[in-house]
Each structure stands twice: as structure tokens, then as C-alpha cells.
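Have a look at the structure below before the remarks.
Counting starts at 1 for both ligands and their atoms, in listed order.
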Amino acid sequence: MTLDHTHDPDRRSWIQSANDSTTDFPIQNLPFGVFKRRGANEPSRVGVAIGDQILDVAACLSEGLFGPDATSVAESCCEASLNPLLELGREAARTLRRDLSEILRIGSPVFERDHAIASRILVPTSGAELMLPVRVGDYTDFYASIDHATNVGSMFRPDNPLLPNYKWIPIGYHGRSSSGVVSGTSVRRPVGQTRDGAEGPPTFGATRRLDYELEVGAIVTTGNPLGSPISLDDAERHILGLCLVNDWSARDIQAWEYQPLGPFLAKSFSTSISPWVVTLDALEPFRARAYPRPADDPAPLPYLFSQQNTNAGGVDITLEVFLSSARMRDERMEPYRVSVGSFVDMYWTIAQLVAHHTSNGCNLRAGDLLASGTVSGALKESRGCLLERTWRGTEPLVLPTGETRKFLDDGDEVILRGFCERSGWPRVGFGECRGVVLPARTA
Ligand code: MN
């Protein structure tokens, strides 16, 4: 991938809000999602976020705005998920991106000819309902932050926080795709088996240790045939882009159930996904080197090592978590920022996750979701879940109302935000991934 006109920092849109330096969605971003007008009896379809508007790709198709190559790609955007577009692959999406940028730029012949076209191809985001962007096939959740793994390990194994496999193998587990929900969907506090002491029998009831996990999700575009691994340097061709993921977790249920086979019902009750998929193409100016492994760390095995991955396998995404209690919302307080970190702190890159996942011949398919695992950094302020942030509840958070939190209360809203900023480039953001905690059914 080299930079092209779609990345030009000087390119501006005729949509004024897209030129605001604080928007997540300048003309250089163009993330894909699925929407319909709120309350309208119309099919959901693919849209592209631009400033405070959504560009309706199907409407652009009806207006005949695409060139011949992009027209056939745009035809896949009349569906209620990104899956048909994902099936076409990353190169096809790039062809569409180039035409979208041409349509939206200042000086676009389309707009110059007919200013009224704006009302036919744009929908204000404030008047739209955003859907789950992808019909997720398989969902795999990794554990790619070494700081997260070390912090969590040290709570349970103070003498031996990091297991011996960690620096060799990207650890993951197979999650549940059926319970993925779009940002804005409330999340019901789950019930399950928990055990208070180390000796007594478990009880069945609402979790008392509900947590979030700040994660980045990678959306698979074209997959690979069963039996044909994807090589490290080819891996990103199979990823359309990234989104924000909240892997809600019930820590007490998890602690009791996870041995010996790993997370199960502690995670599968809901996973929140942000509505916009930011393409790897849009993220190109924000690439970074992979995690700098200290000299005494082992070099990755050959199938997980390449110079290209070492030099540019990372992505510098600033990631924030905000919490807003019901009382804070009643008192009209701004959400409280619980943490801020960066995706560059991950020990394993996205390409390494893909290469490892398929190294045994396992086939990925268009629409699969690969989540990074909790994104934590070395600082206390960059710990991406409450388990770490409050150190298992021993260092409670104090909210601006004076309320304290060890884990999440009913009514709490968790808001994940992500954005890329680099001098000389317009900010490219992910928007938000939100969810309010509802009381357990038995409560
Ligand atoms: Mn997770």
C-alpha cells in the first residue's frame, strides 16, 4: 500500500463538517457502516461516515456517480451488512474508496454540476439508526497486550505472572458471534455460577464483578481456503479494517469457569461493536513499528517474523475509556475518562494474529471478527479494563460525583473512543462504542 489522493492531507470536502479538525470522519477516513433513516420504512444499507453525515452508497449508485470499476463494487453495498462488500476483497473496497473520495472532495464535478444532489445522497447521522456493520461469522478473541497479560497474571500468580508460552504464541480463544451487538445496545448484567471462597460450593446469581474490556477488532475481508495458511506479509490483504470492541466480562463467573478450557459464559452474554469499520487504507499514515521486543525476549518463530511486520506492523491508535454513571447523567456531567492508551503497545500485530490463526490451515471467512484482547499499556492510566484499573477492586475509582467503582454498577455507561493523530495528517477516528448496563433479570 502506498499513499494516494485519498490520503492527501490538503484534500477537503464540500461537506463543511468533514473539514473540522476535531471530526473523526474527514474525507481521508471514509469508514464503512450500515444504516437506515430512523423511523423510516426502508432497507438498511451500506453508508460511509463523512463529517456529521452519512453518504448513502446505494443512492450514489442510483445517481450513476461511480466509474465502471467502482459501480460493480457499489452494487454490493445495497445489502444490510458489509459482508457482500467484504467478499469482494480489499482491492475492490479500495477502488470504491477512491471514487467516494472523488465524489466528496471540493471541486467534485458531481457536486459542482448539481448542488441539490447533497440532499439525495446524504443522511444526517443524527437522524440515522446505525446497525451492526458485519454479520459476524466466527469471532476469535486474542490476548495480545503483554501488559494486560502480565497485570492479570500477577494478580493470580504473583511469582510467575507471564506464562512461558506468551512471548512465543499469540494466545486466543474462540468467542461467540451470536451475541455481538452494535454500539448503543444496552447490556444486561448476566447471571451465572460464582464461588466466593476457595472452599465452599458455588451459588447461582447476578455477577458482582461486571467489567468491560477495551479492544480493537479486525474485520476479515477475503478468507483463505481450508488447509492454506496466510503468510505474515500477506495477512493484511485479508483485513478490511478495524473497529472498537467491548468484550464485556463477568470476572467472578470467569474465575470459576475458566479452568481448564478458558472463557465461556463469562464473556458470551454480549460483545459490543462500534458501527464504523475504519479501513486499513485510511490508517496507512498512522502505521508504526511493531512492539519493540527487549533484547532478552525471543525472536518470533519464522512464520511470525518479517522485516515488513517489524517495521510497520503496528498502528498508532489512541484508545480511551469513559464511564458515566446514571447519577452523572442525571446531573448532566461529562463522562469521566478512566483510561487512555495506544494500540502501538500491543505485543502481537494484527498480521501476526492472522498468520498464527491460519498457521494450522484453519480457514478465515469474510465477516469474521478477530479482536485484539484488552489493550493495556505500561502506565496505570493505560489499563484497559477495571480488573486492572482498580487492581481487582483494591484501588477503587472515584467518579466526579464521589461515587466509587471497583466494577460496573447497573446504569453505568461505558464509552470507548479511538482516534489517530499525527502531525501533518487530518485526524482519523473510530467514533464510539457505547453500552449501558441493565440490572440482572433476577434482581
Ligand atoms: Mn477479551
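- Within D247, the N, O or S atom lying nearest to the Mn ion (ligand 1) carries the name OD2.
- The cationic atom of R97 (NZ for Lys, CZ for Arg) does not lie both less than 6.0 Å from the six-membered ring centre of F32 and within 45° of the ring axis.
- Nearest N/O/S atom of D141 relative to the Mn ion (ligand 1): this is OD2.
- A cation-pi contact, defined as under 6.0 Å to the ring centre and within 45° of the axis, is absent between R417 and W276.
- Contact annotation: the side chain of K167 approaches that of I146 to within less than 4.5 Å [non-hydrogen atoms, C-beta and beyond].
- Using a cutoff of 4.0 Å between basic side-chain nitrogens and carboxylate oxygens, E129 and R38 are not scored as salt-bridged.
- Of the angles at the Mn ion (ligand 1), the one spanning OE2 of E215 and OE1 of E213 is 90° when given to 10°.
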